[in-house]
There are 2 protein chains.
Amino acid sequence: MAGAGAASGRRAGAFGRAVLKRAQKTDTSPRAALLPKLGEVFRTYGYEGASLTLITAATGLGKGSLYHLFPGGKQQMAAEVLTEIDQWFEREVFAPLRDSAEPHAGIAHMFRATDDYFRSGRRVCLVGVFALGAARDEFTDAVQGYFDRWREALAQALRRAGQARAEAMELSEDILAGMQGALVLARAADDHKIFSRALKRMAERVPKRVG
Amino acid sequence: MAGAGAASGRRAGAFGRAVLKRAQKTDTSPRAALLPKLGEVFRTYGYEGASLTLITAATGLGKGSLYHLFPGGKQQMAAEVLTEIDQWFEREVFAPLRDSAEPHAGIAHMFRATDDYFRSGRRVCLVGVFALGAARDEFTDAVQGYFDRWREALAQALRRAGQARAEAMELSEDILAGMQGALVLARAADDHKIFSRALKRMAERVPKRVG
DNA sequence: AATTCTTTGTACCGATCGGTACAGGCGAGG
DNA sequence: CCTCGCCTGTACCGATCGGTACAAAGAATT
């Protein structure tokens with residue numbers, strides 16, 4: 001969809017593939033450094049609320065540079081931010097859930113990574129913000145995919161940890177909802193500890209290892 | 001804060017008190033009929049996204065009428081919508097939780113009313129939408145108050161149902177978060193049943209009556 | 001040094017934003 | 001019937017919206 005790294009990839013000559021591949025792992029392009037800043041603006045003000053003025057202020061780049069890097073405008077910026085977030089979670093959360101030999105380790109890793117990402121409740125979920133607003137309809141796939149793949153990966157880990165199919169489905173949904181809701185409450189009350197408490201409860205809800 | 005019913009109250013002469021009191025219970029003024037429509041616009045598009053154009057379209061009223069009824073503009077409209085929602089929950093949820101002789105009945109009533117209000121997951125929470133966005137800082141009291149009083153009322157009911165202080169606090173937070181999160185997930189996946197499942201889980205999490 | 005291509009600031013675009021001014025429509029009371 | 005006061009449609013306001021055009025600055029290549 002949104003070609004993150006397309007600009008750097010275009011510059012690649014005979015060694016195009018190798019360069020592109022490395023760029024995808026740790027991209028040092030200005031574009032990559034930009035996405036987190038863009039993400040913060042969207043996270044804080046929502047898609048509609050993130051005006052070009054706010055974006056230029058937050059990034060330090062003028063419209064010229066912005067539209068040179070993102071010819072598709074706001075829509076493209078948001079799309080690339082979403083895919084960057086998706087990649088982060090894929091790497092730090094979904095993959096460990098699916099691949100770790102010991103499922104409980106993957107689940108523990110998820111809770112740690114999630115606590116980090118949401119800054120222990122000081123940050124809200126950009127995908128959640130988009131989901132609640134009108135932007136959902138413009139980024140349906142990204143929004144659906146994020147939660148769905150998370151739930152799927154978690155349910156799979158829970159099954160491997162010994163839970164029955166139905167219980168794993170329910171519990172994974174329960175844990176995701178508990179987290180998202182805690183982020184809402186934490187921001188509403190301006191009290192990030194609400195999120196920490198929720199994370200702890202969710203972790204306790206996962207059946208302990210039997211072995 | 002925002003004087004809902006102030007316009008009708010102003011008209012009241014010697015019988016001002018009585019008229020005002022009745023107006024608060026079932027207000028038949030055009031203003032009262034308007035607030036739900038306004039609420040739907042804010043709920044769907046967020047505070048910033050709810051443009052005057054959208055509002056006039058949804059209400060059928062021109063700017064002239066709108067600003068005659070709400071001299072304070074969008075800000076006043078949103079404020080009155082928030083107090084109307086607060087009043088609804090106070091009546092249908094918080095009061096039953098606090099006052100019902102049998103706390104389990106109050107809690108059951110809460111789940112029923114909540115399911116109704118959120119249309120079994122087809123509707124999102126306006127206060128949650130505001131909480132996540134920049135509008136939170138403009139309506140801090142209303143946003144904080146809504147969740148805080150809900151949590152407080154629920155915790156009190158749980159205590160009366162036999163739970164210890166700390167457990168009641170945790171569980172009330174857990175239930176609110178589970179609901180809010182389920183609304184986010186339901187809208188993200190466009191699958192309202194996520195909310196129904198969450199409601200059921202939350203209800204089961206409340207300790208059964210001992211007697 | 002000359003040339004080429006990328007990057008950037010700035011001026012500008014039409015559309016829309018929230019809000020105001022106000023003239024007339026309208027219905028109730030005299 | 002006339003008047004008075006609430007209500008409402010419309011024209012208009014400056015500001016800002018997202019986006020475009022383009023010329024000059026910079027960097028890289030030869």
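The model shown is predicted, which means the values in this text are computed figures rather than measured ones. Letters A, B, ... mirror the listed sequences (proteins, then strands); counts begin at 1.
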Exercise for the section: Could you encode protein contacts along nucleotides 11-29 of chain C as a string, one character per nucleotide from 5' to 3', using B for base contact, S for sugar-phosphate-only contact and - for no contact, with a heavy-atom cut-off of under 4.0 Å? Expected result: ------SBBB---------
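Distance CG (B:L69) to P (D:dT8): 7 Å, rounded to an integer number of Å.
In this structure, A:D191 has no salt bridge (charged side-chain N to carboxylate O under 4.0 Å, His left out) partners at least two apart in sequence or on a different chain. The salt bridge (charged side-chain N to carboxylate O under 4.0 Å, His left out) check on A:D115 picks up nothing, with sequence neighbours excluded. Remark: B:R160 engages no residue in a salt bridge (charged side-chain N to carboxylate O under 4.0 Å, His left out) (not counting sequence neighbours). By the side-chain contact (heavy atoms from CB on, under 4.5 Å) test, B:E152 pairs with no residue at all, sequence neighbours left out.
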What does the list of N/O pairs under 3.5 Å between the protein and nucleotides 3-5 of chain D look like, with a distance for each?
none

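Under the 3.5 Å distance criterion, the side-chain polar atoms of B:R149 are left unmatched by any main-chain donor or acceptor of B:F94. A donor-acceptor pair under 3.5 Å is formed between the side chain of B:R136 and the backbone N or O of A:R187.
Interatomic distance, A:T114 OG1 to A:R112 CZ, rounded to the nearest 0.5 Å: 10.5 Å.
Relative orientation of the B:F130 and B:F42 rings is perpendicular, given thresholds of 30° and 60° on the angle between their planes.
Note on B:H68: every side-chain N or O is 4.0 Å or more away from OP1 and OP2 of D:dT8.
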